[in-house]
Asks: 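Shown below is the structure under consideration.
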Amino acid sequence: MKIATWNVNSVKARKDRLLAWLATHEPEIVCLQELKTTDEAFPRQEVEASGYEAIVFGQKTYNGVAILTRMGSSEVKYGMNDEHEDDEARIVSARIANIRILSVYVPNGKATDSDKFIYKLQWLRRLQAYLQREVTPEEPVCLCGDLNIAPDERDVARPEEWKDSVLCVPPVREAFAELIGWGLVDVFRQHHAEGGKYSWWDYRMLGFPKNNGLRIDHVLATRALAEACSHVAIDRNERKGKKPSDHAPVVATFDWNG
DNA sequence: ATGGTTGCTTAGCAA
């Protein structure tokens with residue numbers, strides 16, 4: 001069983017690529033981020049015609065997350081549902097194959113001296129609280145998404161250039177470590193200790209041609225599920241060619257019967 | 001070749 005995550009950077013701009021990718025790879029579960037569209041404008045019919053149910057938490061212009069699945073889903077939850085006022089669509093969750101699946105788009109944070117960075121750190125604390133409230137490390141949980149965090153130097157092509165960025169600074173890496181500490185395993189790292197593999201390259205400054213990348217898109221699984229993970233790959237080819245997203249999909253394969 | 005983004009929305013913001 002394959003579980004994928006992909007920040008598509010506008011599902012409308014990426015529709016043809018998304019449908020072709022689904023047809024080629026046929027993952028059972030796909031978590032999408034940065035839909036940049038409302039529920040109404042999501043290409044639901046075409047996705048369903050490809051064999052997928054679409055669980056969509058959209059937003060006009062910015063953000064928006066979804067879960068696509070070829071299996072049955074239940075217990076769908078939209079948003080964080082905590083005490084904070086928040087109109088940003090950044091998390092959606094469902095039970096699929098007896099796994100609690102979360103599709104997450106962590107705020108980028110813009111710059112470390114900005115209000116958006118405060119919001120990023122607060123949002124990561126809220127995510128930690130969400131896990132503690134909604135699930136346990138003893139059950140099968142798979143948190144997928146654009147976390148906008150490169151966990152360590154192995155995940156950054158040019159560590160010196162990026163060390164002060166919102167993707168790398170200590171507070172965000174500590175937040176990532178807290179997710180791991182709660183009971184999640186970075187299944188990509190589990191199979192690729194060597195590093196040097198990236199999931200995002202800036203459109204600007206020839207980021208991809210120069211391979212100036214970072215690994216900021218993640219599949220995190222609780223222990224029992226992580227033990228069933230046989231391999232993980234970043235589909236770097238999807239970043240090539242005409243009109244790619246700036247993110248590549250990450251695909252994790254599990255020996256899992258649900 | 002001596003620079004070099006994309007998407008949404010419509011000039012500016014976000015990433």
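In this text the structure is predicted, and so the values were computed from the model without any measurement. Below, each value reflects all heavy atoms present in this structure, side chains not excepted, and no hydrogens, waters or symmetry copies. Labels below follow one simple rule: chain letters A, B, ... track the order of the sequence lines, proteins then strands, and each chain is numbered from 1.
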Asks: Name all pairs fulfilling the salt bridge (charged side-chain N to carboxylate O under 4.0 Å, His left out) condition that reach into residues 67-82 of chain A, sequence neighbours left out, sorted by first residue then second.
Replies: E75(A)-R95(A), E75(A)-R100(A), K77(A)-E134(A), D82(A)-R126(A)

Asks: Name all pairs fulfilling the salt bridge (charged side-chain N to carboxylate O under 4.0 Å, His left out) condition that reach into residues 212-239 of chain A, sequence neighbours left out, sorted by first residue then second.
Replies: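 Only R17(A)-E238(A), D155(A)-R215(A), D186(A)-R215(A), R223(A)-E227(A) qualify under salt bridge (charged side-chain N to carboxylate O under 4.0 Å, His left out).
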
Asks: Which pairs with one or both residues in residues 131-151 of chain A pass ring pair (Phe, Tyr, Trp, His ring centres under 6.0 Å), sequence neighbours excluded?
Replies: none

Asks: Where each residue is assigned the nucleotide of DNA chain B containing its nearest heavy atom, which of P244(A) and D146(A) is assigned the position nearer the 5′ end?
Replies: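 The residue whose closest nucleotide sits nearer the 5' end is P244(A).
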
Asks: Can you name the residues that form a side-chain hydrogen bond (donor to acceptor under 3.5 Å, both in side chains) with E178(A), not counting sequence neighbours?
Replies: none

Asks: Using whole Å, report how far CD of E34(A) lies from P of dT6(B).
Replies: 15 Å

Asks: Distance between the C1' atoms of dT6(B) and dT10(B), in whole angstroms?
Replies: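 Per the computed distance, 15 Å lies between those C1' atoms.
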
Asks: Scan residues 198-220 of chain A against DNA chain B and write down, sorted by residue number, each residue with any heavy atom closer than 4.0 Å; if none is found, say none.
Replies: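 Here the set is Y203(A), R204(A), M205(A), L206(A).
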
Asks: Measure CG/L35(A) against P/dG7(B) and give the value in whole Å, please.
Replies: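 Rounding to the nearest Å, CG of L35(A) and P of dG7(B) are 15 Å apart.
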
Asks: On DNA chain B, nearest-nucleotide positions of Y62(A) versus A13(A): which is more 5'?
Replies: A13(A)

Asks: For residues 107-117 of chain A, which residues have at least one heavy atom under 4.0 Å from DNA chain B?
Replies: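 Listed by number, they are N108(A), K110(A), K116(A).
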
Asks: Specify the separation, in whole Å, of atom NZ of K15(A) and atom P of dC8(B).
Replies: 12 Å

Asks: Among all residues two or more places apart in sequence or in another chain, which pass the side-chain hydrogen bond (donor to acceptor under 3.5 Å, both in side chains) test with K242(A)?
Replies: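 Listed in chain order: nothing, the list is empty.
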
Asks: So, using side-chain hydrogen bond (donor to acceptor under 3.5 Å, both in side chains) as the criterion, who are the partners of E139(A) when residues are at least two apart?
Replies: T136(A)

Asks: Could I get the full list of side-chain hydrogen bond (donor to acceptor under 3.5 Å, both in side chains) partners for K36(A), not counting sequence neighbours?
Replies: N9(A)

Asks: Checking side-chain polar atoms at under 3.5 Å, does N212(A) have a donor or acceptor matched by the opposite partner on W162(A)?
Replies: yes

Asks: What is the separation between atom NE2 on H247(A) and atom P on dA15(B), rounded to the nearest whole Å?
Replies: 10 Å

Asks: N7(A) has an atom CG; how far is it from atom P of dA14(B), in whole Å?
Replies: 17 Å

Asks: Between atom OG1 of T112(A) and atom CZ of F117(A), what is the distance when rounded to the nearest 0.5 Å?
Replies: 6.0 Å

Asks: May I have the distance from N63(A) (atom CG) to dC13(B) (atom P), rounded to whole angstrom?
Replies: 17 Å

Asks: Rounded to whole Å, please give me the gap between NZ in K12(A) and P in dT6(B).
Replies: 19 Å

Asks: For the pair made of CG in D246(A) and C1' in dA14(B), what is the distance, rounded to whole Å?
Replies: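 After rounding, the gap between these two atoms is 11 Å.
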
